[in-house]
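Here the structure is a predicted model, which means the values were calculated and not measured.
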Amino acid sequence: MRQIHGLEKLVEQQSGRLNTQKLAELLLTDLQHCRCSIYGTIGDDDKVLLAELGLLPDSLEYEMFDQRIDLIVAGPILRNDCVPLIYRLQGEQFALSGRCSMIARVCGVDLYLQRSYTGVVGDVARQKFAIPLKPLLQML
């Protein structure tokens with residue numbers, strides 16, 4: 001299940017009433033240099049970094065109508081000796097993490113890797129993220 005990290009720390013610097021527009025501004029600033037790490041495991045929970053994806057220029061935007069942050073990350077696949085199981089999208093303070101899969105309809109997964117994640121070392125993987133703001137505001 002998707003987990004949210006650092007949300008309280010991100011908004012504690014905000015004075016006044018927090019709304020979706022202000023939260024969007026904070027997240028846009030925080031995620032400007034975000035990275036997405038994709039991990040697999042070998043043995044008893046030894047995490048193995050399989051891919052490190054960086055933010056594509058001009059892909060970070062606030063979708064005002066749907067009240068969400070959209071972004072695309074991309075980068076090379078570094079290893080293929082285990083299957084991708086865990087991801088972490090990390091900004092300066094805010095982060096999302098959870099379970100991922102290359103296979104569609106796997107139970108308990110909140111991120112299905114796009115087809116560009118081939119599992120071939122050196123191939124460039126791309127992943128889109130959509131972060132809805134209303135659920136984040138309700139958490140505060």
Side-chain angles (χ1 to χ4, degrees):
M1 186 161 147
R2 179 182 271 190
Q3 296 179 349
I4 308 294
H5 311 273
L7 182 60
E8 296 83 16
K9 188 174 182 180
L10 178 70
V11 299
E12 72 185 15
Q13 62 195 5
Q14 176 63 38
S15 61
R17 188 165 187 255
L18 188 66
N19 58 26
T20 53
Q21 182 66 36
K22 288 182 182 178
L23 180 57
E25 291 170 9
L26 291 171
L27 284 170
L28 288 172
T29 300
D30 189 74
L31 295 170
Q32 284 183 359
H33 302 288
C34 68
R35 310 240 0 120
C36 178
S37 303
I38 299 173
Y39 300 96
T41 58
I42 295 179
D44 296 333
D45 278 345
D46 291 335
K47 284 199 313 189
V48 176
L49 180 63
L50 301 178
E52 186 78 29
L53 314 178
L55 181 67
L56 289 182
D58 301 323
S59 73
L60 180 62
E61 57 187 29
Y62 172 49
E63 173 55 53
M64 192 179 308
F65 180 73
D66 291 329
Q67 296 183 333
R68 71 171 189 258
I69 300 289
D70 292 330
L71 61 103
I72 301 171
V73 291
I77 297 171
L78 305 172
R79 292 178 63 164
N80 65 355
D81 50 347
C82 54
V83 297
L85 297 174
I86 304 164
Y87 75 94
R88 183 172 182 97
L89 178 70
Q90 180 70 54
E92 297 274 332
Q93 297 175 22
F94 178 80
L96 298 174
S97 66
R99 302 212 20 108
C100 63
S101 176
M102 292 174 57
I103 303 167
R105 297 186 176 98
V106 174
C107 193
V109 171
D110 59 20
L111 178 68
Y112 295 107
L113 299 174
Q114 294 179 302
R115 290 183 187 202
S116 65
Y117 194 96
T118 60
V120 177
V121 173
D123 281 1
V124 174
R126 291 172 54 101
Q127 185 65 46
K128 293 179 183 178
F129 283 90
I131 305 169
L133 299 183
K134 282 187 178 183
L136 295 180
L137 279 174
Q138 291 172 353
M139 292 175 67
L140 298 170

Can a donor-acceptor pair be found, under 3.5 Å and without considering hydrogens, that links the side chain of Asp110 to the backbone of Arg2? yes
Would you mind reporting whether Leu113 and Tyr87 have side-chain heavy atoms less than 4.5 Å apart? no
Within residues 68-85 or reaching into it, pairs that qualify as side chain to side chain donor-acceptor pair (under 3.5 Å) - sequence neighbours excluded: Asp66-Arg68, Arg68-Asp70, Arg79-Asp81
For residues Gln21 and Tyr62, determine if any side-chain heavy atom of one lies less than 4.5 Å from a side-chain heavy atom of the other. yes
Any side-chain heavy atom of Val109 within less than 4.5 Å of one from Ile103? no
Taking the side chain as everything from C-beta on, heavy atoms only, tell me whether Leu60 gets closer than 4.5 Å to Ile69. yes
Just how far is it from atom CG of Asp30 to atom CD of Gln90, taken to the nearest 0.5 Å? 8.0 Å
Side chains of Gln127 and Leu111 in contact at under 4.5 Å (non-hydrogen atoms): yes
Show your reasoning for whether side-chain contact (heavy atoms from CB on, under 4.5 Å) applies to His5 and Ser97. CA-CA 8 Å; His5 311 273; Ser97 66; 2.6 Å; yes
Search all heavy atoms of Leu136 against all heavy atoms of Leu7 and return the closest pair with its distance. O-CD2, 3.6 Å
Leu28-Val73 co-clustered via ILVMFWY side chain contacts under 4.5 Å: yes
Heavy-atom closest contact (Ala74 atom, Val124 atom, distance): CB-CG1, 4.3 Å
Do Phe94 and Leu26 touch side chain to side chain, with heavy atoms closer than 4.5 Å? no
Nearest-0.5 Å distance, CE of residue Met139 to CD of residue Glu8: 6.5 Å
Quick one: are Ile4 and Leu96 in side-chain contact, heavy atoms under 4.5 Å? yes
Count I, L, V, M, F, W, Y as connected when their side-chain heavy atoms are under 4.5 Å apart, and connections chain through other members. Are Val48 and Met102 then in the same cluster? yes
Keeping Ser116 on the side-chain end and Arg126 on the backbone end, is there a donor-acceptor pair under 3.5 Å? yes
Are Leu133 and Met64 joined in one hydrophobic group, where the rule is that I, L, V, M, F, W and Y side chains link up if heavy atoms are under 4.5 Å apart? yes
Linking I/L/V/M/F/W/Y whenever any side-chain heavy atoms sit under 4.5 Å apart, do Leu31 and Leu140 land together? yes
Which ILVMFWY residues are connected to Leu85, directly or by a chain of links, through side-chain heavy atoms under 4.5 Å apart? Tyr39, Leu49, Leu78, Val83, Ile86
Taking C-beta and beyond as the side chain, do Phe129 and Cys36 meet within less than 4.5 Å on heavy atoms? yes
Residue list, salt bridge (charged side-chain N to carboxylate O under 4.0 Å, His left out) with Arg35, at least two apart or on another chain: Glu52
